[in-house]
Amino acid sequence: MPSIPTTTARFRLRAVQPAPDLLRTVVLALAVLALELVLAHSAASPQTSKLVILFVGVFAVALLLRFPLATALALLAFTDFLFVGTYFAHQVGPVSVRPHEVALACLVGLAVLKPVKRTWGGATGAALAIFLALVTISAMIAVKSGRASLTEAFNAARPLALLTLFWVVIRLFPESRQRRQLLLGAAVIAAATGIVAVLASVGVGFARTLSEQGEQVLRSEANLGSVDRVRLPGLSLGYALFWYSAVQIVARRSWDRALWSALLVGIGLDIVVSFNRNMWIGIVLGMILMVVFGGAAVRSRITLTISLAVAAVAMIVIFGNAATTDRVVAPVLKRGETILNPSKTASENSLQDRAKETRTAWATAQENLLFGVGAGAPFGVNSHEAVISDGQTVGYVLRPQLFLHNQYLYLLLIGGIGAPVAFVLFLGRPVVEAFRRRPRDPAILACGIGIALIMVSAVVAIYFTVEDMTAVLGVLAGVITADTTGPAADGERSGLLP
């Protein structure tokens with residue numbers, strides 16, 4: 001019997017794809033980012049006719065039917081780059097039309113009517129269908145009972161539509177080469193986001209003006225020095241693909257290893273300047289999982305890389321410029337200190353507020369276990385909203401809070417007891433498949449770890465019901481499931497590494 005090739009044997013790995021394909025994918029991703037910036041400028045410019053934007057949109061729809069992979073990358077650029085998904089929205093009657101949703105509708109239509117592979121993802125796809133059906137039923141009940149208007153229910157639930165990228169991936173991109181290109185383009189978008197975030201964090205003016213979201217993404221952390229906390233939508237993509245990018249460095253040679261190293265640096269810097277402790281903890285947890293389950297070759301390379309990184313940071317702290325250390329390094333260390341000292345974290349207002357909202361929402365959920373209250377319906381939690389007059393805050397009003405940081409409880413509220421169960425099955429099956437895969441593929445494992453880290457963080461962070469995260473979850477779940485069901489040479493699955 002011929003031996004089974006494995007990616008965990010001694011590293012004699014070829015490039016995953018020929019250099020021209022790799023370069024073509026990078027150029028494509030950068031072109032998509034450039035197009036988004038041009039559209040952003042046009043959308044904000046009163047001199048630009050809306051007919052021009054409409055023409056561009058019609059032209060784009062025609063192209064996406066011919067180039068679904070490029071369309072998927074464009075969609076990710078609209079949800080996971082510098083701008084939130086609503087930035088390019090255009091009001092058409094009572095409905096706000098968003099470019100990424102137009103692209104999604106075309107991709108889903110193509111996947112349904114003209115699939116490359118006829119599959120719905122087995123039990124994983126069934127779990128997603130059940131989850132979406134339960135949320136829809138709960139929303140309809142909420143609208144019928146008057147707890148929420150049709151507009152409120154629609155807007156609250158519409159980010160979940162991006163989970164259907166799962167079916168797009170498994171039906172339109174059955175070849176492992178296509179999925180590798182998709183993830184490469186996504187990593188380029190994430191790394192570009194990181195570069196912009198770092199520039200904005202240290203005060204480079206043009207980086208701040210790229211987005212008109214102002215304080216929503218650029219906020220100075222109290223007592224952390226002069227470094228701003230920057231959280232752009234592309235942070236979600238980087239968090240999910242951090243260890244996938246790390247594995248690619250381990251597996252590559254020559255200039256493509258240098259490319260992936262540059263991408264990982266951009267992604268890592270984005271996570272650092274986000275000052276997001278949940279993500280910092282998640283990256284460390286992912287490192288442990290990669291070391292334990294990634295195989296001997298991956299384990300040795302990751303250990304060596306981490307040692308070099310720690311040594312480099314130590315050299316910067318010891319011998320670096322004092323001003324730079326105080327400005328950049330000290331704020332990061334101060335923020336990280338709260339992770340090692342939980343007593344400091346427990347006293348923060350944000351955690352106390354989240355605990356309070358969870359108690360209130362749980363009481364409401366217990367009274368509506370079967371169908372929940374529905375998306376867009378209040379569940380007893382209120383937030384203080386500032387009243388601004390002439391640029392000054394003149395007071396505050398209480399408004400119903402329609403989101404919840406504990407996402408599992410929120411899923412219970414918008415879909416009943418079956419919704420979180422179906423959702424966990426939808427994400428949990430690909431994670432299990434990634435860990436159980438034989439032969440082991442560290443890149444597939446890294447995708448599973450990306451999903452697992454988001455699932456863990458969703459206990460205290462809004463990660464299941466925002467467009468930047470639902471797009472990422474749909475893609476990663478689809479990539480793993482396509483690997484599970486896709487044929488490869490010699491009857492074995494091809495994975496994301498040779």
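Computed from heavy atoms alone, side chains included, the values below leave out hydrogens, waters and symmetry copies.
Judged purely by atom type and a 3.5 angstrom limit, Trp280 uses its side chain to pair as donor or acceptor with the backbone of Ile271. A distance-only check finds a donor-acceptor pair linking the side chain of Glu152 to the backbone of Ser149 [under 3.5 Å]. Here the side chain of Arg440 pairs no donor or acceptor atom with the backbone of Gly294 at under 3.5 angstrom. Looking only at distances, a side-chain donor or acceptor of Ser145 sits under 3.5 Å from a matching main-chain atom of Ala142. Checking side-chain atoms of Asn155 against main-chain N and O of Thr151 turns up a donor-acceptor pair under 3.5 Å. Proximity of a side-chain donor or acceptor of Arg231 to a complementary backbone N or O of Phe275 within less than 3.5 Å is detected. Formation of a donor-acceptor pair under 3.5 Å by the Arg171 side chain with backbone atoms of Thr119 is found in this model. Arg179 places a side-chain N or O within donor-acceptor distance of the main-chain N or O of Phe173, the cut-off being under 3.5 Å. Remark: the backbone N or O of Ile249 is paired with a side-chain donor or acceptor of Arg257 at under 3.5 angstrom. With hydrogens and angles ignored, the 3.5 Å screen pairs a side-chain donor or acceptor of Asn368 with a backbone N or O of Thr364.
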Intermediate values then yes/no, side-chain hydrogen bond (donor to acceptor under 3.5 Å, both in side chains), Thr481 and Glu433:
CA-CA 8 Å; Thr481 303; Glu433 289 292 339; over 6 Å; no
Decide side chain to side chain contact (heavy atoms under 4.5 Å, CB included) for Leu160 and Ile414; before the verdict, give the C-alpha distance in whole Å, the side-chain angles of both, and the deciding distance to 0.1 Å.
CA-CA 11 Å; Leu160 298 174; Ile414 68 171; 4.1 Å; yes
Check the pair Arg98, Glu467 against salt bridge (charged side-chain N to carboxylate O under 4.0 Å, His left out), reporting the backbone distance first and the verdict last.
CA-CA 11 Å; Arg98 303 169 185 176; Glu467 291 165 326; 2.9 Å; yes
From CA spacing to verdict: side chain to side chain contact (heavy atoms under 4.5 Å, CB included), Leu172, Leu110
CA-CA 8 Å; Leu172 294 184; Leu110 196 61; 4.2 Å; yes
Could you give me the CA-CA distance, side-chain angles and deciding distance for Leu445 and Met290, then say whether side chain to side chain contact (heavy atoms under 4.5 Å, CB included) is met?
CA-CA 8 Å; Leu445 175 64; Met290 286 301 306; 4.1 Å; yes
Assess whether side chain to side chain contact (heavy atoms under 4.5 Å, CB included) is satisfied between Val188 and Leu73, documenting all intermediate values.
CA-CA 10 Å; Val188 171; Leu73 285 176; over 6 Å; no
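To the nearest 0.5 Å, atoms CH2 (Trp362) and CG (Asn406) are separated by 10.0 Å. To the nearest 0.5 Å, atom CG of residue Leu285 and atom CG of residue Leu289 are 4.5 Å apart. Taking CG of Leu402 as the start and CZ of Arg399 as the end, the distance is 11.0 Å to the nearest 0.5 Å. Summarising the geometry, atom CG belonging to Leu476 is positioned 6.5 Å from atom CG belonging to Leu183; distances are rounded to the nearest 0.5 Å. Note: Asp468 CG to Ser236 OG = 3.5 Å, rounded to the nearest 0.5 Å. In this structure, CG in Leu235 is found 13.5 Å from CZ in Phe81, a value given to the nearest 0.5 Å.
Between Leu184 and Leu263 the shortest side-chain heavy-atom distance falls below 4.5 Å. Inter-residue side-chain proximity for Thr470 and Thr465 is flagged as unmet; no heavy-atom pair is nearer than 4.5 Å.
A side chain to side chain contact (heavy atoms under 4.5 Å, CB included) with Val472 is found for exactly one of Thr79, Ile451, Leu241, Asp80, namely Asp80.
Nearest approach of Ile130 to Ala422, heavy atoms of both residues: CG2-CB, 4.1 Å. Between Pro420 and Tyr408, the closest heavy-atom pair is CB-O, 4.0 Å. In this structure, Ala156 and Gly376 approach most closely via the heavy-atom pair CB-N, 3.4 Å. Nearest heavy-atom pair, Ala477 versus Phe426, reported as atom, atom and distance to 0.1 Å: CB-CZ, 3.9 Å. Residues Asp270 and Ala197 approach most closely at OD1-CB, 3.3 Å, considering heavy atoms. The heavy-atom pair separating Leu134 from Gly418 by the smallest distance is CD1-C, 3.4 Å.
Ring centroid separation for the pair Phe435 and Phe293 comes in under the 6.0 Å cut-off.
Under the 30°/60° scheme for interplanar angles, the aromatic rings of Tyr239 and Tyr463 are found to be tilted. Taking the six-membered ring where the residue is Trp, Phe464 and Phe423 present tilted rings, their angle falling between 30° and 60°.
Counting only residues at least two apart or in different chains, ring pair (Phe, Tyr, Trp, His ring centres under 6.0 Å) contacts with residues 134-165 are absent.
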